[in-house]
Asker: 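Provided herewith is a single structure, encoded as structure tokens, for subsequent inquiry.
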Amino acid sequence: MKITINGEAKELRDGLSITELLVVENVEMPEMVSVQLNDEFLKQDEYAATIVKEGDDINFLYFMGGGA
Amino acid sequence: MRDFSDEELERYSRHIILEDVGIEGQEKILNSKVLIIGAGGLGSPVALYLAAAGVGEIGIVDGDVVDLSNLQRQVIHTTSEVGTAKVISAKRKMEAINPNIKVTVYQTMLDASNILEIVKGYDFIIDGTDNFSAKFLINDACIIANKPYSHGGILRFGGQTMTIKPHESACYACVFDSPPPANAIPTCSSAGILGAVAGMLGTIQATEALKVIVGVGEPLYNRLLSFDAKAMSFRNINFKKNPKCRVCGGEGIKELRDYEAVVCEMKR
Ligand SMILES: [Zn+2]
């Protein structure tokens with residue numbers, strides 16, 4: 001399955017949920033990202049039931065709280 | 001149109017000769033009012049550049065005093081000012097750069113009880129704060145008060161920023177919904193920040209403020225600019241306003257509340 005993650009083309013096995021994708025992609029702290037799937041932002045309670053499909057465009061947006 | 005003095009014509013000549021700014025754009029800058037929340041790593045470059053640009057009235061909010069560990073990145077403060085209120089230190093430098101502007105200081109921390117009253121006197125707001133409870137509060141207040149603002153966040157070698165036009169472009173909560181759980185947050189001093197990275201992001205925020213004031217170019221509406229200074233790679237992530245957004249969608253929010261503050265165990 002070909003998908004795009006953070007602007008990069010990736011080849012991954014079929015049937016991954018967003019929860020599994022976060023593990024495969026080594027996102028260490030899933031609580032610190034907002035997941036965008038094809039323009040829509042997912043709620044955390046939707047990750048497990050959302051299955052990634054061929055051609056999906058996914059972005060992980062990291063929370064950044066610094067500024068001082 | 002106002003009469004520019006010879007001093008002003010010379011001081012702002014490099015703006016005025018810019019085709020997209022001109023004398024009309026500089027007049028808009030001189031008539032503008034910007035509130036900078038936080039006189040730290042982001043607020044320092046924003047305050048220096050907006051003062052230099054001639055923003056007519058600048059408010060600056062911070063309840064802290066200058067600490068030695070701030071000086072690695074908070075370039076508006078100096079070694080001799082350790083122990084001085086940050087807003088006082090910042091005002092000195094802003095007025096030294098440009099005595100023609102008015103600087104108003106708020107030596108306080110913003111919360112749900114005072115933010116709307118302060119924000120309402122300004123045309124554009126800069127988020128230069130260092131915690132999620134403040135960032136979400138600023139977003140909520142700017143949506144309620146209908147004030148355009150610049151979100152900024154930095155961490156280690158990275159930064160992100162977006163510009164928000166309330167009720168028209170996506171807000172911070174459209175993208176990030178709610179503060180992350182307190183125990184997951186590496187924002188305090190333990191996470192570290194390369195000083196110059198704060199300058200990179202702050203100067204982008206100052207540029208966005210000036211673009212919105214002058215009405216030139218395409219502000220970072222409906223997109224997050226994210227960069228990683230180690231790779232020195234920049235990326236735009238596009239999105240739309242979320243009709244179901246907790247803050248700006250549907251009924252949205254009507255009243256402010258304070259988000260749970262995350263206390264840093266180490267000194268900043
Ligand atoms: Zn929103």
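We name chains A, B, ... by the order of the sequence lines, and we start the count at 1 in each one.
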Asker: Heavy-atom pairs under 4.5 Å with chain B: which of A:Leu61, A:Val33, A:Asp39 has the most?
Answerer: A:Leu61

Asker: Where does A:Glu31 contact chain B at under 4.5 Å (heavy atoms): side chain, backbone, both or neither?
Answerer: both

Asker: With side-chain contact (heavy atoms from CB on, under 4.5 Å) as the criterion, how do B:Arg235 and A:Asn59 come out once you've worked through the C-alpha distance, each side chain's angles and the decisive distance to 0.1 Å?
Answerer: CA-CA 11 Å; B:Arg235 204 161 78 85; A:Asn59 283 300; 3.1 Å; yes

Asker: Please look at A:Phe41 and chain B and tell me whether the side chain, the backbone, both or neither of the residue comes under 4.5 angstrom of a heavy atom of that chain.
Answerer: side chain

Asker: Tell me if the aromatic rings of B:Tyr149 and B:Phe124 count as close, with their centers under 6.0 Å from one another.
Answerer: no

Asker: At a heavy-atom separation under 4.5 Å, does B:Asn238 approach chain A through its side chain, its backbone, both, or neither?
Answerer: backbone

Asker: So, are B:Glu251 and B:Arg246 salt-bridged, with charged N and O less than 4.0 Å apart?
Answerer: no

Asker: Quick one: is the NZ or CZ of B:Arg223 closer than 6.0 Å to the six-membered ring centre of B:Tyr221, and within 45° of its axis?
Answerer: no

Asker: For B:Ser178, is it the side chain, the backbone, both or neither that has a heavy atom under 4.5 Å from a heavy atom of chain A?
Answerer: backbone

Asker: Measure B:Gln74 against the heavy atoms of chain A and call it side chain, backbone, both or neither at under 4.5 Å.
Answerer: side chain

Asker: Would you please test B:Asn114 and B:Thr108 for side-chain contact (heavy atoms from CB on, under 4.5 Å) and show each step?
Answerer: CA-CA 10 Å; B:Asn114 62 9; B:Thr108 181; 3.9 Å; yes

Asker: Do B:Tyr259 and B:Phe132 have ring centres separated by under 6.0 Å?
Answerer: no

Asker: Below 4.5 Å, heavy-atom pairs only: which of B:Gly159, B:Ala198, B:Ser226 has the largest tally toward chain A?
Answerer: B:Gly159

Asker: Does one side chain, of B:Lys86 or B:Gln107, offer a donor that lies under 3.5 Å from an acceptor on the other?
Answerer: no

Asker: Heavy-atom distance under 4.5 Å to chain A: side chain of B:Asn242, backbone, both or neither?
Answerer: neither

Asker: Looking at chain A, which one of B:Val175, B:Thr129, B:Asp127 has the largest number of heavy-atom pairs inside 4.5 Å, strictly under?
Answerer: B:Val175

